[in-house]
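Here is the structure we will look at, set down as structure tokens.
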Amino acid sequence: MPELPEVEIARRNLVRWIGPRRVVKAEADDTRVFRGAERARFSALKGRVESLERRGKYLLWTFEAGRGLLAHLGMTGKFVRRQKGQPEPYSRARFHLEDGTVIHFRDPRLFGRMEPVPASELRALEAIQSLGRDPLEDGLTGPQLAEAVGTSRQDLKVALMDQGRLAGLGNIHAAEALFRAGLHPARKPDTLTPEDWKRLARAIHATIAFGLEEQEGEEPVYLEDGGAENVFRVYGRAGQPCQVCQSPVESFTQAGRTTHVCPECQPLKAQRPGRKRAPGR
DNA sequence: TCCGGCCTGCTC
DNA sequence: GAGCAGGCCGGA
């Protein structure tokens with residue numbers, strides 16, 4: 001589930017669930033979510049959570065007494081709240097709160113990562129230092145986007161997903177933002193005009209805002225295991241008619257990932273300015 | 001720059 | 001039973 005909006009929702013849920021309540025016990029199972037001595041250090045996390053921040057797809061936990069935790073949900077990780085004694089499949093780690101609730105880190109595929117480090121070192125970690133700007137935290141204008149992504153020689157969508165250029169977009173939201181901006185995923189970044197960048201920056205904001213709205217609340221609305229309906233505009237809609245122009249949505253592979261595109265709304269050739277409207281925010 | 005690997009579950 | 005999946009890393 002986790003791209004920027006999903007991780008941000010996870011953060012907000014955790015803040016709500018935990019609030020001022022103390023973590024009375026932290027437990028970690030022996031999985032590759034933890035490396036080396038991390039498991040033991042995880043078990044030492046206790047007390048209040050003083051802050052819970054997000055950078056890109058990472059969550060930065062600051063506990064009292066200077067302890068910290070860097071968490072990444074990977075592909076299938078998520079935090080869920082359960083009552084004490086209630087089993088949770090694929091639970092890999094747990095925070096027991098003083099009110100008897102338990103926050104589980106559930107991760108069937110074990111692609112998530114938990115790295116306990118001193119809170120003062122969280123922001124200095126290479127994983128965080130190397131991130132590009134976070135559209136939600138740092139803002140994102142057309143020129144800023146052009147500066148971050150425009151120098152890439154990879155395909156536009158691949159460049160958008162490069163966390164070192166822009167932090168937070170993954171396969172789904174990159175495809176959705178490009179559709180909203182009317183830009184083909186295989187465009188080369190150096191062919192975009194300032195207008196294109198501006199439209200794309202707005203589309204990224206709109207895509208993130210949509211993701212946040214869709215998933216507000218305790219239970220994720222989409223991308224849940226099994227089949228909630230597809231709320232996206234092009235992602236996962238190969239062969240279906242485009243919601244704007246009715247021509248069939250296509251899919252192809254870019255850098256090993258499936259990309260969805262409406263070839264009519266997102267022509268590969270740069271358009272003459274003003275000829276056709278983008279599908280809209 | 002691409003490709004497989006990491007894992008398991010779900011859909012076709 | 002094969003193929004596919006939201007992320008990321010490392011090797012060729």
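Chain identifiers are assigned alphabetically (A, B, ...) following the order of the sequence lines, protein sequences preceding nucleic acid strands; residue numbering begins at 1 within each chain.
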Original post:
When rounded to the nearest Å, what value does the distance between P atoms of C:dA5 and B:dC3 take?
Top reply: 15 Å
Original post:
Taking atom P in both C:dG3 and B:dG5, what distance in whole Å separates the two?
Top reply: 14 Å
Original post:
In terms of heavy-atom contacts, does NZ of A:Lys198 have more than 12 from other residues, nucleotides or ligands at under 6.0 Å?
Top reply: no
Subject >> Nearest-Å distance for atom pair CD/P, residues A:Glu126 and C:dG10 >> reply: 11 Å
Subject >> Row check, A:Phe210 ring normal vs A:Arg180 NZ/CZ: under 6.0 Å, within 45° >> reply: yes
Original post:
For DNA chain C, what dot-bracket results from Watson-Crick or G-U pairs at under 3.5 Å, with [ ] for crossers and | for inter-strand partners?
Top reply: |||||.||||||
**OP:** Identify whether the distance between the nearest side-chain nitrogen and carboxylate oxygen of A:Glu53 and A:Arg123 falls below 4.0 Å.
**Re:** yes
Original post:
If the C1' atom of B:dG4 is compared with that of C:dC4, how far apart are they to the nearest Å?
Top reply: 15 Å
**OP:** Pick base, sugar-phosphate or nothing for A:Gly170, based on heavy-atom distances below 4.0 Å to the nucleic acid.
**Re:** sugar-phosphate
**OP:** Tell me whether the OP1 or OP2 atom of C:dG6 has a side-chain N or O from A:Lys57 closer than 4.0 Å.
**Re:** no
**OP:** Using the P atoms only, state how far B:dC10 lies from C:dC8, rounded to an integer number of Å.
**Re:** 23 Å
Original post:
In whole Å, what is the span from the NE2 atom of A:His173 to the P atom of C:dG7?
Top reply: 9 Å
Original post:
Roughly, in whole Å, what's the span from CD1 in A:Ile128 to P in C:dC8?
Top reply: 11 Å
Subject >> Separation of atom CD1 in A:Ile172 from atom P in C:dA5, rounded to whole Å >> reply: 11 Å
**OP:** Give the rounded distance in Å between these two atoms: CZ of A:Arg165 and P of C:dG7.
**Re:** 18 Å
**OP:** Kindly state each residue pair satisfying salt bridge (Lys or Arg N to Asp or Glu O under 4.0 Å) with at least one member in residues 128-143 of chain A, sequence neighbours excluded.
**Re:** A:Arg54-A:Asp134, A:Arg54-A:Glu137, A:Arg55-A:Asp138
**OP:** Give the rounded distance in Å between these two atoms: CG of A:Leu156 and C1' of B:dT1.
**Re:** 17 Å
**OP:** Using atom CG of A:Leu110 as one end and atom P of C:dC8 as the other, report the distance to the nearest whole Å.
**Re:** 16 Å
Subject >> Polar side-chain atom of A:Arg187 near backbone of A:Asp155 as donor-acceptor pair, under 3.5 Å >> reply: no
Subject >> Over 12 non-hydrogen atoms of neighbours within 6.0 angstrom of CZ in A:Arg165 >> reply: yes
**OP:** Determine the contact category for A:Arg113: base if any of its heavy atoms lies under 4.0 Å from a base atom, sugar-phosphate if only primed atoms, P, OP1 or OP2 are that close, otherwise nothing.
**Re:** nothing
Original post:
Would you say a side-chain N or O of A:Thr258 is under 4.0 Å from OP1 or OP2 of C:dA5?
Top reply: yes
**OP:** Only pairs at least two apart or in different chains count here, so list each salt bridge (Lys or Arg N to Asp or Glu O under 4.0 Å) that has a residue in residues 142-153 of chain A.
**Re:** none
Original post:
Just to confirm, is there a sub-4.0 Å distance from OP1 or OP2 of C:dA5 to any side-chain nitrogen or oxygen of A:Arg109?
Top reply: no
Original post:
Whole Å only: how far is the CG atom of A:Asn171 from the P atom of C:dG6?
Top reply: 5 Å
Original post:
Is A:Arg21 paired with A:Asp99 through a side-chain N to carboxylate O contact shorter than 4.0 Å?
Top reply: yes
**OP:** Return no unless some side-chain N or O of A:His72 is found under 4.0 Å from OP1 or OP2 of C:dC8.
**Re:** yes
Original post:
What nucleotide, of C:dG7, B:dC7, B:dT1, holds the atom closest to the side chain of A:Gln154?
Top reply: B:dT1
